[in-house]
There are 2 protein chains.
Amino acid sequence: MATEQPATPPLSPAVFAILLSLAEGEKHGYAMMKDAVKPEFGGITLGPGTLYGTIDRMMRDQLVEESGKTDNERRRYYRLTELGLGALTAEMVRLNAAVTQGRKLGLIETGGEV
Amino acid sequence: MATEQPATPPLSPAVFAILLSLAEGEKHGYAMMKDAVKPEFGGITLGPGTLYGTIDRMMRDQLVEESGKTDNERRRYYRLTELGLGALTAEMVRLNAAVTQGRKLGLIETGGEV
DNA sequence: AAATACTATGTCCGTAACGGATATAATGTC
DNA sequence: GACATTATATCCGTTACGGACATAGTATTT
């Protein structure tokens with residue numbers, strides 16, 4: 001038994017990038033947009049349509065929630081929910097298995113990480 | 001020239017699973033379907049609609065090609081193209097960066113891979 | 001102080017992917 | 001001979017994606 005399939009379908013790149021960005025702490029949309037292009041967050045371009053549309057869906061799915069922080073009038077801060085953190089963790093485990101397989105097949109360097 | 005940035009946007013889970021499955025060698029659709037549910041290939045469910053629709057798109061995009069192997073009348077074998085291998089490798093590098101970040105944030109175990 | 005760039009969020013909407021349902025047929029099994 | 005499995009294929013509704021556009025406040029530049 002153990003490792004039961006978490007019934008969580010794979011996350012889209014946009015959802016994944018946002019979750020990973022928020023794993024560092026609460027952020028506002030624009031900050032996530034800036035994060036997303038960095039390689040460590042997936043290196044993807046998050047246009048406003050994708051960003052805010054995805055945030056709405058993630059709010060609906062309870063992956064993120066507004067933190068209520070009122071740093072700046074124009075910023076809306078978001079944070080991970082427990083569900084969101086769980087989804088991110090599950091996805092990380094999933095991706096790690098695939099990356100390990102990639103390493104095994106010689107697609108990427110062995111032993112340069114950690 | 002050599003490894004130019006392939007401007008390849010992130011791959012969908014289905015495309016990724018198929019490429020990774022084919023990285024082991026030529027396979028037919030049904031075999032990929034079986035592979036995909038295994039954790040090392042991403043652990044996703046590939047229904048026939050997704051599978052064959054995705055293969056068509058990948059053929060169109062020159063990520064895979066038919067190998068012509070006539071093992072069994074009913075099977076159609078596919079293999080990676082150079083473009084497909086490149087896309088898979090780029091995606092692996094991309095995902096590895098994200099997984100490394102996940103490790104850094106304590107989302108997954110440190111040092112259990114390789 | 002006017003102009004410009006950047007920050008920050010938001011909506012619109014066409015294109016494309018996803019994926020379950022269904023169909024077909026051959027082979028293997030009981 | 002009936003049923004499950006292998007293997008491929010198409011249909012089609014739902015959803016996500018993502019560029020373009022809109023709005024407005026702030027910061028910078030000249």
Side-chain angles (χ1 to χ4, degrees), chain A residues 5 7-19 21-22 26-37 41-79 87 91 94, chain B residues 7-19 21-22 26-38 41-79 87 91 94:
Chain A
Q5 288 308 63
T8 314
L11 307 176
S12 76
V15 170
F16 181 67
I18 290 172
L19 288 176
S21 175
L22 291 180
E26 52 182 338
K27 302 253 181 82
H28 54 93
Y30 199 72
M32 299 177 214
M33 210 191 274
K34 294 282 207 61
D35 272 350
V37 291
F41 295 99
I44 64 164
T45 301
L46 269 189
T50 304
L51 174 68
Y52 295 104
T54 303
I55 288 175
D56 286 348
R57 271 172 254 132
M58 292 173 76
M59 291 269 284
R60 181 201 61 194
D61 298 340
Q62 309 234 58
L63 297 176
V64 298
E65 61 191 5
E66 281 192 77
S67 78
K69 186 178 175 184
T70 51
D71 180 50
N72 180 319
E73 192 69 37
R74 289 152 57 205
R75 294 174 174 169
R76 302 173 73 90
Y77 280 85
Y78 299 90
R79 70 161 86 100
E91 186 73 351
R94 206 180 67 78
Chain B
T8 314
L11 306 177
S12 77
V15 170
F16 181 67
I18 290 171
L19 289 177
S21 175
L22 291 181
E26 53 184 335
K27 302 253 180 79
H28 54 94
Y30 199 72
M32 298 177 213
M33 211 192 273
K34 295 283 207 63
D35 271 351
V37 292
K38 300 176 191 167
F41 294 99
I44 65 165
T45 301
L46 268 190
T50 304
L51 174 67
Y52 295 104
T54 302
I55 288 175
D56 286 347
R57 270 172 256 133
M58 291 172 76
M59 291 269 284
R60 180 203 60 194
D61 298 341
Q62 311 235 58
L63 297 176
V64 298
E65 61 192 4
E66 281 193 77
S67 79
K69 185 179 176 184
T70 52
D71 179 49
N72 179 322
E73 192 68 36
R74 290 152 58 206
R75 293 174 174 170
R76 303 172 72 89
Y77 281 84
Y78 299 91
R79 71 161 85 101
E91 187 72 352
R94 208 179 67 78

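Source: prediction; values computed, not measured. Below, read A as the first sequence line, B as the second, and so on, with proteins coming before strands; counting in each chain starts at 1.
Separating the CE atom of A/Met58 from the P atom of D/dA16 is a distance of 12 Å, rounded to the nearest angstrom. When the P atom of D/dA16 is taken as reference, atom CD1 of A/Ile44 falls 15 Å away, rounded to whole Å. Straight-line distance from the CG atom of B/Leu51 to the C1' atom of D/dT6: 13 Å, rounded to whole Å. Between the CZ atom of B/Arg75 and the P atom of D/dA9 there is a distance of 14 Å, rounded to whole Å. When the C1' atom of D/dA7 is taken as reference, atom CD of B/Glu26 falls 17 Å away, rounded to whole Å. Atom CD1 of A/Ile18 is separated from atom P of D/dA16 by 13 Å (rounded to the nearest Å). Remark: C1' of D/dA9 and CG of B/Leu46 are 15 Å apart, rounded to the nearest angstrom. The interatomic distance linking B/Met33 (CE) with D/dT6 (C1') rounds to 10 Å, in whole Å.
Each of B/His28 and A/Ser12 was assigned the nucleotide of DNA chain D with the nearest heavy atom; the assignment lying further toward the 5' end belongs to B/His28. Mapping A/Gly53 and B/Val15 onto DNA chain C by nearest heavy atom places A/Gly53 at the nucleotide closer to the 5' end. Taking for each of A/Pro13 and A/Pro48 the nucleotide of DNA chain D with the nearest heavy atom, the 5'-most of the two is the partner of A/Pro13.
Considering only the side chain of A/Arg74, D/dA24 comes nearest among D/dT8, D/dA24, D/dC17. Comparing D/dT10, D/dT6, D/dA16 by their nearest atom to the side chain of B/Lys34 picks out D/dT6.
To the nearest 0.5 Å, the span separating NZ on A/Lys69 from NZ on A/Lys27 amounts to 11.0 Å. In this structure, A/Met32 CE and A/Tyr52 OH are separated by 8.0 Å, a value rounded to the nearest 0.5 Å.
Under the 4.5 Å side-chain criterion, counting only non-hydrogen atoms from C-beta, A/Val64 is in contact with A/Met59. Within the 4.5 Å cutoff, the side chain of A/Arg57 has no heavy atoms near those of the A/Leu63 side chain. B/Tyr78 has its side chain out of reach of B/Met58: every pair of non-hydrogen atoms, C-beta onward, lies at least 4.5 Å apart.
For D/dA9, the OP1/OP2 oxygens have no side-chain nitrogen or oxygen of B/Tyr52 closer than 4.0 Å. Within the 4.0 Å cut-off from OP1 or OP2 of D/dA16, at least one side-chain nitrogen or oxygen of A/Arg60 is found. The phosphate of D/dC17 (OP1 or OP2) has a side-chain N or O of A/Arg57 nearer than 4.0 angstrom.
Among the heavy atoms of the strands, none lies under 4.0 Å from B/Thr45.
Heavy atoms from other residues, nucleotides or ligands lying under 6.0 Å from CD of B/Glu66 number more than 12.
In summary, contact between chain B and DNA chain C, defined as any nucleotide atom under 4.0 Å from a heavy atom of the protein, begins and ends at C/dA17 to C/dT27 in the 5' to 3' direction.
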- Task: I would like to know whether B/Ile18 and B/Leu51 meet side-chain contact (heavy atoms from CB on, under 4.5 Å); could you show each step before the answer?
- Result: CA-CA 8 Å; B/Ile18 290 171; B/Leu51 174 67; 4.1 Å; yes
